[in-house]
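Quick notes on the structure that follows.
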Amino acid sequence: MLTDWRALLYRVARPVLFGFDPERIHHLTLRALAGAGEGRIGRRLAGWLAGPAPQGVTPVRLMGLTFRNRVGVGAGFDKDAVALRGWEALGLGFMEVGTVTPEPQPGNPRPRLFRLPADAALINRMGFNNEGAAALARRVMLARRHLPDGFVIGVNIGRAKETDAAQALDDYLACHRLVAPVADYLAINVSSPNTPGLRDLQEPAALAALLEALARAGEASGFRRPLLVKLAPDLAIGRRDAMLRMLCDTPADGVILSNTTVARDGLRTRAPLAAEPGGLSGDPLWRSTLEAVERAREIVQARLVIIASGGIGSAERAAAAVAAGADLVQLWTGLVYRGPGLVGEAVRATA
């Protein structure tokens with residue numbers, strides 16, 4: 001019954017929230033979550049909104065890290081790590097912040113975030129807007145003293161928009177130098193559709209070289225962190241299979257399936273909104289996410305950790321992703337359409 005009340009409250013609140021510009025309400029939500037994480041009453045409220053965590057959840061040990069549960073939020077929601085204590089109060093097992101670049105950058109011109117309610121989806125062309133790796137690292141460092149064991153922080157790193165493709169490696173190494181000391185794992189973003197030329201780094205030789213360089217930097221600095229690669233859902237199946245086999249022979253520790261898609265197949269939403277450039281997320285990705293996870297697990301066996309990301313908008317989908325072979329799941333657009341109660345539901349479903 002409590003879960004029903006939480007869902008009802010969010011259904012009542014959602015039309016009001018959706019009356020605001022998507023990016024504005026996104027930032028207001030982060031500010032509220034950051035504030036909630038700072039005080040006892042706010043933390044209790046956040047925990048209530050997310051729903052009761054199941055008792056006796058067995059922590060998950062992956063990549064040398066202990067996750068208190070299998071449910072996290074994907075990169076892009078909290079790019080600058082402003083609300084880590086609030087995310088923890090919701091009961092998540094991990095949070096992936098970023099994508100972060102070496103220096104601050106404004107991202108693409110607004111408007112750049114669009115709701116597609118008929119499809120329970122979003123289109124974004126944010127363009128890695130962030131305050132820079134140093135600012136993010138400082139926030140993570142300051143939040144650490146207040147966070148419990150078992151709450152894992154991943155940092156998603158990328159290439160700046162103005163960086164020439166030939167110097168892309170320098171950006172990833174610069175990010176590594178700044179954030180590896182405070183991160184639990186690093187996610188390598190080579191698949192966003194909103195930074196021109198970024199997806200070229202999914203070429204096997206380029207990606208292998210990038211991973212080798214990051215692993216060497218980790219060893220040299222004493223901050224060798226697990227490396228996960230975030231792939232695009234638009235890869236042809238054969239090419240993705242080949243990349244997964246290749247990743248098993250690199251320093252990669254895991255793969256995130258997947259990023260947003262440039263496809264617009266089967267949308268209920270009509271043009272011009274559905275034709276906005278950018279990456280599509282939410283319900284339309286669910287079937288491809290599940291199929292990608294199943295196939296990836298067959299290929300990599302136990303050699304790589306798999307994080308399912310894309311279209312996980314219900315507890316049933318979270319459980320299905322784990323049953324298909326995912327070790328962890330990430331929420332994102334589902335939180336926009338279902339509210340914070342989705343966190344507790346997904347944690348209970350995957351326990």
Side-chain angles (χ1 to χ4, degrees), residues 3 50-54 57-63 65-78 87-88 90-98 120-122 150-156 184-185 187 189 191 226 228-233 244 253-261 279-298 300 302 304-351:
T3 301
V57 177
T58 302
V60 183
R61 186 77 176 165
L62 300 164
M63 306 179 295
L65 303 171
T66 300
F67 297 75
R68 64 182 182 181
N69 62 61
R70 297 181 185 272
V71 180
V73 169
F77 211 117
D78 190 353
W87 292 115
E88 185 277 321
L90 288 176
L92 293 166
F94 68 107
M95 181 69 200
E96 189 174 306
V97 295
L122 299 171
F151 181 73
V152 171
I153 300 173
V155 179
N156 189 297
D184 290 313
Y185 73 80
N189 194 339
S191 54
L228 292 92
V229 178
K230 189 166 187 174
L231 296 178
L244 289 167
D253 298 277
V255 62
I256 303 171
L257 302 170
S258 303
N259 213 317
T260 56
T261 180
L280 177 75
S281 63
D283 274 11
L285 275 72
W286 166 240
R287 184 51 53 187
S288 64
T289 296
L290 188 63
E291 292 172 354
V293 167
E294 289 176 334
R295 192 170 182 89
R297 182 51 73 200
E298 291 178 4
V300 306
L304 296 176
V305 165
I306 297 175
I307 301 181
S309 183
I312 301 177
S314 69
E316 293 76 17
R317 289 182 180 180
V322 172
D327 298 289
L328 303 166
V329 298
Q330 288 181 334
L331 311 177
W332 209 116
T333 304
L335 290 172
V336 174
Y337 287 96
R338 291 286 308 281
L342 177 60
V343 174
E345 293 173 11
V347 170
R348 291 190 292 276
T350 58

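What you see below is based on every heavy atom in this structure, not just the backbone, and it leaves out hydrogens, waters and symmetry mates. Predicted model, so just to flag it, every value in this text is computed and none were measured.
Heavy-atom minimum distance, E88 versus F151: CA-CE1, 3.7 Å. Between D253 and P226 the shortest heavy-atom distance is OD2-CA, 3.2 Å. When all heavy atoms are compared, the tightest approach of L280 to P284 is CD2-CB, 4.0 Å. L65 approaches V152 most closely through the heavy-atom pair CD1-CG1, 4.1 Å. V329 and A318 get closest at one heavy-atom pair: CG1-O, 3.9 Å. Of all non-hydrogen atoms in T350 and A319, the two that sit nearest each other are CG2-N, 4.0 Å.
Screening L228, I153, L62, V155 for a side-chain contact (heavy atoms from CB on, under 4.5 Å) involving Y185 leaves a single residue, L228.
When the side chain to side chain donor-acceptor pair (under 3.5 Å) test is applied to S281, the partners found at least two apart in sequence or on another chain are T333. For N156, the side-chain contact (heavy atoms from CB on, under 4.5 Å) test picks out A75, E96, T99, A187, N189, K230, with sequence neighbours left out. When the side-chain contact (heavy atoms from CB on, under 4.5 Å) test is applied to P340, the partners found at least two apart in sequence or on another chain are Y10, L49, L90. Residues meeting the side chain to side chain donor-acceptor pair (under 3.5 Å) test with T289, sequence neighbours left out: none.
The backbone N or O of D327 lies less than 3.5 Å from a partner atom in the side chain of R70, making a donor-acceptor pair. Looking at N69, its side chain does come within 3.5 Å of a backbone N or O of G93 through a donor-acceptor pair. R297 places no side-chain N or O within donor-acceptor distance of the main-chain N or O of V293, the cut-off being under 3.5 Å. Side-chain atoms of D283 do not come within 3.5 Å of backbone N or O of A121 as any donor-acceptor pair.
Between L244 and V255 there is a side-chain heavy-atom pair separated by less than 4.5 Å.
T260 contributes atom OG1, which lies 10.5 Å from atom CG of L122 (distance to the nearest 0.5 angstrom).
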Please set out all donor-acceptor pairs under 3.5 angstrom arising from side-chain atoms of residues 304-315, sequence neighbours excluded.
from	atom 1	to	atom 2	distance (Å)
S309	OG	Q330	OE1	3.3
S314	OG	E316	OE1	3.4
S314	OG	R317	N	3.1

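Among residues at least two apart or in separate chains, ring-ring contact (aromatic ring centres under 6.0 Å, His included) pairs with a member in residues 316-351 are F18-Y337, H26-W332, F77-W332.
In this pair, F67 and F94 present their aromatic rings perpendicular. The plane angle is above 60°, beyond the 30 to 60° band.
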